[in-house]
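See structure below.
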2 protein chains.
Amino acid sequence: MGENLPGDAVENGKKSPRTPKHWELKERLAELLRVVSPGGSLPGERALASEFGVSRTTVRKALAELTAEGRLTRVHGSGTFAGEGKLTQRLQLSSYTEDMRSHGRHPTSSLLDARIGAADPELALLLGIRSGDDVLRLRRLRRADGEPMAIETSRLPLARFPGLERHVGDGSLYGLLWEYYGVALGHAEETIETALATPAEAALLGNEAGALMLLLSRHSFDTEGRPVEWVRSVYRGDRYKFVATLVSPQSDHH
Amino acid sequence: MGENLPGDAVENGKKSPRTPKHWELKERLAELLRVVSPGGSLPGERALASEFGVSRTTVRKALAELTAEGRLTRVHGSGTFAGEGKLTQRLQLSSYTEDMRSHGRHPTSSLLDARIGAADPELALLLGIRSGDDVLRLRRLRRADGEPMAIETSRLPLARFPGLERHVGDGSLYGLLWEYYGVALGHAEETIETALATPAEAALLGNEAGALMLLLSRHSFDTEGRPVEWVRSVYRGDRYKFVATLVSPQSDHH
DNA sequence: GGACTTGAGTGGTTTAGACCATTGCGATTA
DNA sequence: TAATCGCAATGGTCTAAACCACTCAAGTCC
């Protein structure tokens, strides 16, 4: 969408805010990128460096930013390729499976591990239990059309869901809660922020450590307002964005 | 200072995942950071480099990640300081002013510029007008307690709001729409994604170019479902996170 | 044919050093 | 006293070079 801010051009040659080389290079590469179809390859770092007359370090800085924005994909040992754009994920209180299907994508989900531990004070507060009570921690890898999409770590109070650890699998957690315990979700409080990938997350998501991530935390309650789970999900920031539909509580003018 | 034993990468004789130095350094710095009160200062880059026996480049990479996460604040010419944590911004269809007040903060908002231009095809579609029709573009700098918080760029169809450009100021836009045109907002579609700061944005937000940002796009409609505005807001990713309360459409189990 | 080895090319990490831009404070000066 | 200057320390940018880790395809061997 045509953005034309005043003063972003270099002029006077005097005390100009001095545009860094890597930024200028980034723009030239972005231009080059417009004529490369998604998936197409770019020249190697060394080639770009000599092509544009800068050091490889500078090239890498420019490429790193383009990668963080999802406009490039880099594969170690293979090359640098044009990106594919971002997917969207709706912010709503529904299951992952349902959510993805409504976007016409094929969702799968695999349980990475399930273990029982003691709640620390902070977690106990969130789940409405006492510090030290048993908590079931589930880690799942979410995929869409086979592509790793997010790592989801759920924590549930075991006292409320006795034996839950024996039922969990790759299937829907919310389905289990309803079938075995008659619990349905009522509302949730969700926060979204940026984060950087840890090496472990990066390995699972096919990312590199330190990459931009969207960190989504969800605190879910059942229909009677009792806390059910606390979830932290990590999404690749270069591939996903979130959508929410907001409704006015009433017309507010101020 | 315990030199890194190169041996820990060879213990199993196979291919160990090899932790980069800058990551290990980052963790050691994070540890150090836990005993520094917010605003407290850290040693300079050169001091850290010799202290930990690594190059300044590696130190900078570790510091850059901590900064992106909002755990550090760096001031050119002055030093590196411990961060202050993130604020939250509620995702709801209400005015900025109201929104901030409910968080006990003092909001201000200044109009950077207001100009009239022609809609390109994409924008025309969003605003329900024809390509080339007049569009009013407003750029605002939002502050909370005096701190730059976000840059908000709104676009409205001038044909629906004739003379709007003569009314706009630092006050509430939604208030104007109601007073002069009897228009109230009904619902909006909002997307959230990561982005990197442009030099212009960075200058306004007191950031550095290439920093992590949260890009929030809002497509607002009036109570009759007609498009009213299209807004893109850029927030500092190291300082803000967003909150949404989600309500189950009904109990969904699957 | 099929399994293996090898090597060239790619991105990833790290180093040491140079220079620039900004800040803040102490010394100097009006 | 008050303003100014100078300078040292800080973070910011950039270079050139080395080495590592991964990929892939060509070549080799059985």
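Order of the sequence lines sets the chain letters (A, B, ...), proteins ahead of strands, with each chain counted from 1.
- Computed from coordinates, the B/Leu48 CG to D/dT10 P distance equals 10 Å when rounded to whole Å.
- Atom-to-atom, NZ of A/Lys61 to P of C/dG12 comes out at 16 Å; the value is rounded to the nearest Å.
- For DNA chain C, the neighbouring residues in residues 69-83 of chain A, judged by any heavy atom under 4.0 Å, are A/Arg74, A/Val75, A/His76, A/Gly77, A/Ser78, A/Gly79, A/Thr80.
- Scanning both residues, A/Pro38 and A/Gly83, for their nearest heavy atoms gives CB-O, 3.4 Å.
- Between D/dC14, C/dT14, D/dT13, one nucleotide has an atom nearer to the side chain of A/Lys21 than all others, and that is D/dC14.
- Side chain of B/Glu45, nearest nucleotide from D/dC14, D/dG12, C/dT15: D/dG12.
- Contact between B/Leu138 and B/Ala114 at its shortest, heavy atoms only, is CD2-CB, 3.5 Å.
- In this structure, A/Arg56 places its CZ atom 7 Å from C1' of C/dG12, rounding to the nearest Å.
- Rounded to whole Å, atom C1' of D/dT15 lies 14 Å from atom CG of A/Leu25.
- Here the side chain of B/Arg60 is nearest to one of D/dA16, D/dG11, C/dT13, namely D/dG11.
- Positionally, the nearest nucleotide of DNA chain D for A/Thr57 lies more toward the 5' end than for the other of A/Thr57 and A/Arg46.
- B/Arg218 and B/Glu152 are not joined by a salt bridge, as no carboxylate oxygen comes within less than 4.0 angstrom of a charged side-chain nitrogen.
- Salt-bridge annotation for A/Glu229 and A/Arg137: absent, with no side-chain N of the basic residue lying under 4.0 Å from a carboxylate O of the acidic one.
- The shortest side-chain heavy-atom distance between A/Val75 and A/Phe81 falls under the 4.5 Å cut-off.
- For the pair A/Leu215 and A/Thr194, the minimum side-chain heavy-atom distance is 4.5 Å or more.
- Atom C1' of nucleotide D/dT13 and atom CD of A/Glu24 are separated by 14 Å, given to the nearest angstrom.
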